[in-house]
Each structure stands twice: as structure tokens, then as C-alpha cells.
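When a residue number appears, it is its place in the shown sequence, counting from 1.
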Amino acid sequence: MKRKTLFTIFALLLLCIFQVPTFAENSLSSEDFTAIRNLLDYRPVLTSKSPEEALILIKEYRERLLTPENKAKFTEQGNLILDSLLTSEEYNYYYEMDEKHPKLKEIIFPHNEMLENWIKSHTQEEISALLYVIAGDLLSCSMGLYPVPKAMEIGLVIKDYYDIALEKEPNIFFGNLNMAQWYFHAPAIGGGSKKKADELFKVALANTEGTGDEFYINLIYSQFLYDQKDEAKAATYFQKAYEIQPDSKKLALVKLLNDNGYTLFYYTLNRAKVEKKLGL
């Protein structure tokens with residue numbers, strides 16, 4: 001039972017790596033939409049850099065984007081979402097450098113607390129579906145940093161946030177992508193379902209709005225299909241991601257993993273073991 005619990009906790013860490021929202025709601029402004037979309041479509045470019053290079057670029061992007069003048073143009077939630085997306089990117093590249101990097105807790109804990117307090121101080125009607133999903137993703141990043149009992153408590157909050165988001169916006173790309181991964185990783189006894197995951201992945205595929213969406217859904221769905229032994233179809237979706245960012249280091253890693261019989265999902269849960277086997 002404990003092994004299944006730990007597996008679920010660490011599987012949820014995957015969700016923060018692939019957060020890619022789409023929006024069709026009225027609580028964000030056109031200025032918010034434009035800034036969020038531009039940031040999302042920049043994310044595949046970052047995957048072509050080393051973690052150190054990506055972190056420099058993210059810092060520069062933050063300094064250009066979140067100036068006092070620009071922040072005054074965005075709604076309060078727009079600013080929260082943009083800040084959270086940049087925080088997620090920072091977290092992911094520090095994590096890529098070192099799963100136990102000392103910056104991880106420093107980055108994620110204060111941000112999670114800030115989002116939790118903001119959500120608690122507003123009604124569900126006031127809160128954007130997109131903000132709920134992003135708050136869930138950032139919580140998923142932190143699960144492995146807590147003792148198991150606390151992580152299990154956080155896991156329930158994440159699922160609640162995703163459920164609320166999908167109630168508000170059933171076709172939201174980001175929510176369907178991440179809920180699909182939740183169903184994929186959760187054990188059947190805990191509500192997991194590969195069939196349900198496939199259905200949600202397909203909803204996400206049908207609701208992409210930019211190159212950032214297309215890059216990540218094609219990459220993640222390719223790994224789902226590879227896990228389900230449909231290697232030919234997996235290669236087709238992988239190629240679609242490759243055509244968007246052919247120099248992506250992430251895609252190069254995934255190809256190496258697949259060529260050696262591993263999925264990105266398995267690698268994320270067994271990083272040290274796989275890297276030792278492949279001499280990485």
C-alpha cells in the first residue's frame with residue numbers, strides 16, 4: 001500500500017512539468033490572454049536550451065513582462081497566472097538540474113502559500129478555471145518535498161482544483177491534459193483509468209490554441225501511446241512535436257528513452273536508475 005501511495009505522489013510530479021493552459025473564460029482580459037499565450041508559445045523554445053541557459057532566459061522574460069507598467073495592464077488574476085507560469089518554468093529547470101536542488105523549496109513553498117491564501121479569500125465564481133489548474137500544478141510540483149501524509153492531503157486538493165476547473169470550463173486544454181495524467185497514474189483502486197485518460201487526452205488534442213499547446217500535448221500523448229504499446233501511433237504524435245521544435249533537448253531525451261524501451265513517465269519516476277543504465 002505504501003509503495004502505491006508513493007508512486008501516486010511522485011507520478012503527480014509529472015503534472016507540473018506539462019502545464020499548458022488554454023482559455024475561454026470571461027474573468028481574464030484580452031491583455032491577459034495575449035501575454036499568457038505569448039509565454040506559453042515561448043515554452044517549447046526553452047526546451048532547446050540547457051537548464052542554466054533556460055533559467056537566464058526565464059529571468060530576462062520575467063523582467064521584461066512583469067514591469068510595473070505591464071502589471072497595471074493585466075487583471076489581478078492575469079498577474080497571478082503569469083507569475084505562476086514563470087515560477088513553474090523556473091522550478092522545472094532547477095529540477096532538471098538536480099531533483100534535490102536547494103532552490104526548489106525556496107521557489108515553490110511561498111508561491112503555493114500565496115495562491116492558497118488568494119483562493120481562500122475569493123469565491124469560486126470569482127476565480128478563473130485557469131488559475132485553479134495552475135494552482136493545482138504548482139502544488140503537484142511540491143508533493144515530493146513533503147512527508148507522505150502531507151503529500152496525500154495535497155493530492156486531494158489538486159484533484160479538487162482540477163474538478164472545479166473542468167466544471168467551469170469542460171474543454172479547457174490545460175485541465176483536460178493534466179486530469180488525463182491523473183487518471184493515467186492513479187491506481188485503478190483509487191479511481192485511475194487508462195480509458196478515461198485517453199478520452200481526456202483527446203479532448204485536450206481537440207482544444208489546442210497555439211504552438212505551446214500543440215508541442216506538449218503531442219509529446220505527452222505520444223508517451224501515453226508508447227506506454228500502451230502503440231509505438232507506430234506514438235511516433236506519429238512525437239513527430240508532430242518535433243516539427244514544432246526540432247532542436248528541443250527534451251525531445252532528444254525522450255527519443256533516447258523510447259529507443260531504449262522507456263517512456264518519459266517512467267524516466268521521471270525512476271530517473272537515477274534510467275540514467276545509470278543509459279550512461280547519462
Just so I know, are the side chains of [X] and [Y] near enough to count as touching, which here means a heavy-atom distance under 4.5 Å?
X    : Y    : answer
Q228 : F184 : yes
Q181 : L177 : yes
S84  : L115 : yes
L40  : L85  : yes
M179 : K159 : yes
L82  : K71  : no

Inset, instruction - Go through the steps for R37 and D213 under the test side-chain contact (heavy atoms from CB on, under 4.5 Å), then give the verdict. - result: CA-CA 9 Å; R37 173 50 54 203; D213 296 10; 3.2 Å; yes

So which atom in [X] and which in [Y] form the shortest heavy-atom distance, rounded to 0.1 Å?
X    : Y    : result
A129 : E169 : CB-CG, 3.7 Å
D32  : T75  : OD2-OG1, 2.6 Å
N176 : N171 : ND2-C, 3.5 Å
F173 : N207 : CB-O, 3.6 Å
C141 : Y91  : O-OH, 2.8 Å
L28  : G78  : CD2-N, 3.9 Å

Calculate, to the nearest 0.5 Å, the distance between atoms [atom1] and [atom2] belonging to [X] and [Y] respectively.
X    : Y    : atom1 : atom2 : answer
L139 : H111 : CG    : NE2   : 10.5 Å
I36  : D41  : CD1   : CG    : 12.0 Å
S222 : L251 : OG    : CG    : 8.5 Å
L86  : I107 : CG    : CD1   : 11.5 Å
L200 : N178 : CG    : CG    : 10.5 Å
E53  : S50  : CD    : OG    : 3.5 Å

Legend entry - Working for side-chain contact (heavy atoms from CB on, under 4.5 Å), residues R62 and T87: CA-CA 9 Å; R62 181 187 287 277; T87 298; 3.4 Å; yes

Any chain of hydrophobic side-chain contacts (each under 4.5 Å) joining [X] to [Y]?
X    : Y    : result
L145 : M143 : yes
Y242 : Y226 : no
Y42  : I134 : yes
V203 : V133 : no
Y94  : F109 : yes

Test item: side-chain donor near acceptor, [X] and [Y], under 3.5 Å:
X    : Y    : value
E31  : T34  : no
W118 : E76  : yes
Q223 : N258 : yes

Inset, instruction - Identify the residue among Y161, Y162, F174 that makes a ring pair (Phe, Tyr, Trp, His ring centres under 6.0 Å) with Y132. - result: Y161

Inset, instruction - Assess whether side-chain contact (heavy atoms from CB on, under 4.5 Å) is satisfied between E89 and L55, documenting all intermediate values. - result: CA-CA 8 Å; E89 287 297 292; L55 285 164; over 6 Å; no

Inset, instruction - List the steps and the verdict of side-chain contact (heavy atoms from CB on, under 4.5 Å) for F74 and N70. - result: CA-CA 7 Å; F74 305 137; N70 283 343; 4.1 Å; yes

Tell me whether [X] contacts the main-chain N or O of [Y] through its side chain, where contact means a donor paired with an acceptor under 3.5 Å.
X    : Y    : answer
T47  : R43  : no
H101 : M97  : no
E90  : I58  : no
D83  : N79  : no
S248 : K250 : yes

Inset, instruction - Classify the angle between the aromatic ring planes of F265 and H185 as parallel (below 30°), tilted (30 to 60°) or perpendicular (above 60°). - result: perpendicular

Inset, instruction - Take the angle between the ring planes of F224 and F201 and call it parallel below 30°, perpendicular above 60°, tilted in between. - result: tilted

For residues 272-280, run the donor-acceptor check on the side chains, cut-off 3.5 Å, and write out each pair with its distance to 0.1 Å, sequence neighbours left out.
residue: K273; atom: NZ; partner: Y266; partner atom: OH; Å: 3.0
residue: E275; atom: OE2; partner: Y267; partner atom: OH; Å: 2.5
residue: E275; atom: OE2; partner: R271; partner atom: NE; Å: 3.3

Inset, instruction - Flag yes if more than 12 heavy atoms outside E113 fall under 6.0 Å of its CD atom; otherwise flag no. - result: no

Legend entry - Exceeds 12 heavy-atom contacts within 6.0 angstrom, atom NZ of K59: no

Inset, instruction - Evaluate the side-chain hydrogen bond (donor to acceptor under 3.5 Å, both in side chains) criterion for residues E126 and T123: first the C-alpha distance (whole Å), next the side-chain angles of each, then the deciding distance (0.1 Å), finally the verdict. - result: CA-CA 5 Å; E126 294 175 293; T123 65; 3.2 Å; yes

Inset, instruction - Carefully, step by step, assess Q245 and D247 under the rule side-chain hydrogen bond (donor to acceptor under 3.5 Å, both in side chains). - result: CA-CA 6 Å; Q245 196 67 39; D247 61 347; 2.8 Å; yes

Legend entry - Residue list, side chain to side chain contact (heavy atoms under 4.5 Å, CB included) with I244, at least two apart or on another chain: T211, E214, F215

Inset, instruction - Assess whether salt bridge (charged side-chain N to carboxylate O under 4.0 Å, His left out) is satisfied between D198 and K194, documenting all intermediate values. - result: CA-CA 6 Å; D198 192 35; K194 301 297 190 292; over 6 Å; no

Legend entry - salt_bridge(K120, E116) N-O dist < 4.0 Å: yes

Inset, instruction - Show the numbers, then the answer: is there a side-chain hydrogen bond (donor to acceptor under 3.5 Å, both in side chains) between N112 and S142? - result: CA-CA 9 Å; N112 282 344; S142 67; 3.2 Å; yes

Inset, instruction - Go through K202 and E199 one step at a time and tell me if the salt bridge (charged side-chain N to carboxylate O under 4.0 Å, His left out) criterion holds. - result: CA-CA 5 Å; K202 286 173 179 171; E199 291 170 357; over 6 Å; no

